[in-house]
Protein chains: 2
Amino acid sequence: MSPRPSLTETRRTEILAATSATIADRGLCETRIADIADHIGASPALILYYFPSKAALLTEALVYQDQVFHDAVKGELDRAGSAAAKLAILIEASCPKASRGDGEPDGWVLWPAAWEMSRHDPTLAAARARLDESWRNQISAVVEEGIADGEFDDIDSSDFAIQLAALLDGLAIEVMLRDPTVDAARMRTLAIAFVEMALNTRV
Amino acid sequence: MSPRPSLTETRRTEILAATSATIADRGLCETRIADIADHIGASPALILYYFPSKAALLTEALVYQDQVFHDAVKGELDRAGSAAAKLAILIEASCPKASRGDGEPDGWVLWPAAWEMSRHDPTLAAARARLDESWRNQISAVVEEGIADGEFDDIDSSDFAIQLAALLDGLAIEVMLRDPTVDAARMRTLAIAFVEMALNTRV
DNA sequence: CCCTACCCTGAATGGTCGTTCAATTAGCGA
DNA sequence: TCGCTAATTGAACGACCATTCAGGGTAGGG
């Protein structure tokens, strides 16, 4: 809300990012406040200075990471041309990247944690439902655009959006868990094949 | 190994089932040994009498539940006629059932927990990969059968298996999390639509 | 009716955190 | 430079919980 983020806001997002990283690294159940504090070189007490409790922090961190992912994709989408190109971007964004030793861990590993927590955390559940809906709407919009341009066959864009979103989730799980038969390349191929079949187009 | 299950074996599976139920009910992180013990009306010490540690118990319980699910589907498949009917069974088995107040909770809610744990538990990861492979192989086999019978178009059954398995996983996640736009009925419809489109058949 | 092996438990134990708080430091406007 | 507020922390507290263990029940064989 404030024009420039206060130090408080900066610190809060820093902690949220550290929390996401720690969950990604150690797993949801093994994440301790001390681990998060270590990650930013601060004391455990500082974490509780910015957040009311560990539970609230975990919830906010997963909501935050979710939002970051969606915002990133939305940004990329605007830079694309044809509807087909936009679908390619959506697919690419859904592929878990091989975790690199260097920077941030891939946000994908947080999804199972978010799903697991959503079952008992109404706040997180609501955020997840909202962002998933928005994600499907983005797919629908691209499809409608392609249909209007004559790029795609005239199909039900809502049904397609649910199918593609589900397909990408399911494939991404396998890739993330390093299933030997489904790597990122195979995921890309199979997702594109589905799109081409459903929309009768080339991606 | 022993011809008739010893009391020990009975007790062990009873505890594994109780553990699954507790994880389903309270969530992975909130599952305590005392909760599991309560579930079967025993003391916490008994749990550790049959399992070396809580971590080992959680791993075994998730592997067990996984196995139970796959065995159940395999059993149902054998009672089906046409390849199309078998696909319908696979789809139906993948739909999370609305949790009933009465009996067992639906096993689907354990998947996110299994995925989350797999990331750090090699035993569970291996079991999961093996059973997923077997699940896809079942799909492939049905498709091959349908192709041989002329029921289905001649497509790559491995690719199809990965796609259908992923689609079902992704849809099931939404259903399980009670997403307002994807309930079990919608899931069924969309999965069947995919199958019909890909195989050029009626289910 | 004892004996023995197996089940099972109640009651400690020990450690691990989340959380609190009083005290210290750093920033900054006057 | 002096205060005032916000940021930060070390240390302590207390709860919770996995795990251990010494012993009590119990069933079945001798």
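Just so you know, these numbers come straight off a predicted model, no measurement behind them. Numbered from 1 within each chain, the chains take letters A, B, ... in sequence-line order.
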Exercise for the section: Round to the nearest Å and state the distance from B:Y50 atom OH to D:dT19 atom P. Expected result: 18 Å
Problem - For atom CG of B:L46 and atom C1' of C:dC6, their distance in whole Å - result: 12 Å
Problem - Spacing between B:D35 atom CG and D:dA18 atom P, to the nearest angstrom - result: 8 Å
Exercise for the section: Please check the phosphate of D:dT8 (OP1 and OP2 only) for any side-chain N or O of A:R11 closer than 4.0 Å. Expected result: yes
Handout entry: Residue-phosphate contact under 4.0 Å: B:Y49 side-chain N/O, D:dT20 OP1/OP2
Key = no
Handout entry: Interatomic distance where CD belongs to B:E9 and C1' belongs to C:dC6 [whole Å]
Key = 16 Å
Handout entry: Ring geometry between A:H70 and A:W135 (parallel below 30°, tilted from 30 to 60°, perpendicular above 60°)
Key = perpendicular
Exercise for the section: Please tell me if the side chains of A:L57 and A:Y50 come closer than 4.5 Å, counting only heavy atoms from C-beta onward. Expected result: no
Fill in the blank from the handout: Quick tally for nucleotides 16-25 of chain C: nucleotides whose base has a protein heavy atom under 4.0 Å get B, sugar-phosphate-only ones S, the rest -, giving -SSSBB----
Handout entry: Atom-to-atom span, CD1 of A:I40 to C1' of D:dT8 - whole angstrom
Key = 11 Å
Practice task
For B:I47 and D:dC17, give me the distance from atom CD1 to atom C1', rounded to whole Å.
Solution key: 14 Å
Practice task
With sequence neighbours excluded, tell me which residues meet salt bridge (charged side-chain N to carboxylate O under 4.0 Å, His left out) with B:E60.
Solution key: B:R12
Handout entry: Whole-Å gap separating C1' (C:dC7) and CD1 (B:I15)
Key = 11 Å
Practice task
Scan side-chain atoms only and decide if A:T201 and A:E151 contain a donor-acceptor pair under the 3.5 Å cut-off.
Solution key: no
Handout entry: Exercise: do B:Q163 and B:D159 side chains pair donor with acceptor under 3.5 Å
Key = no
Practice task
In plain terms, say whether A:E145 and A:K86 are close enough for a salt bridge, that is, a side-chain N and a carboxylate O under 4.0 Å apart.
Solution key: yes
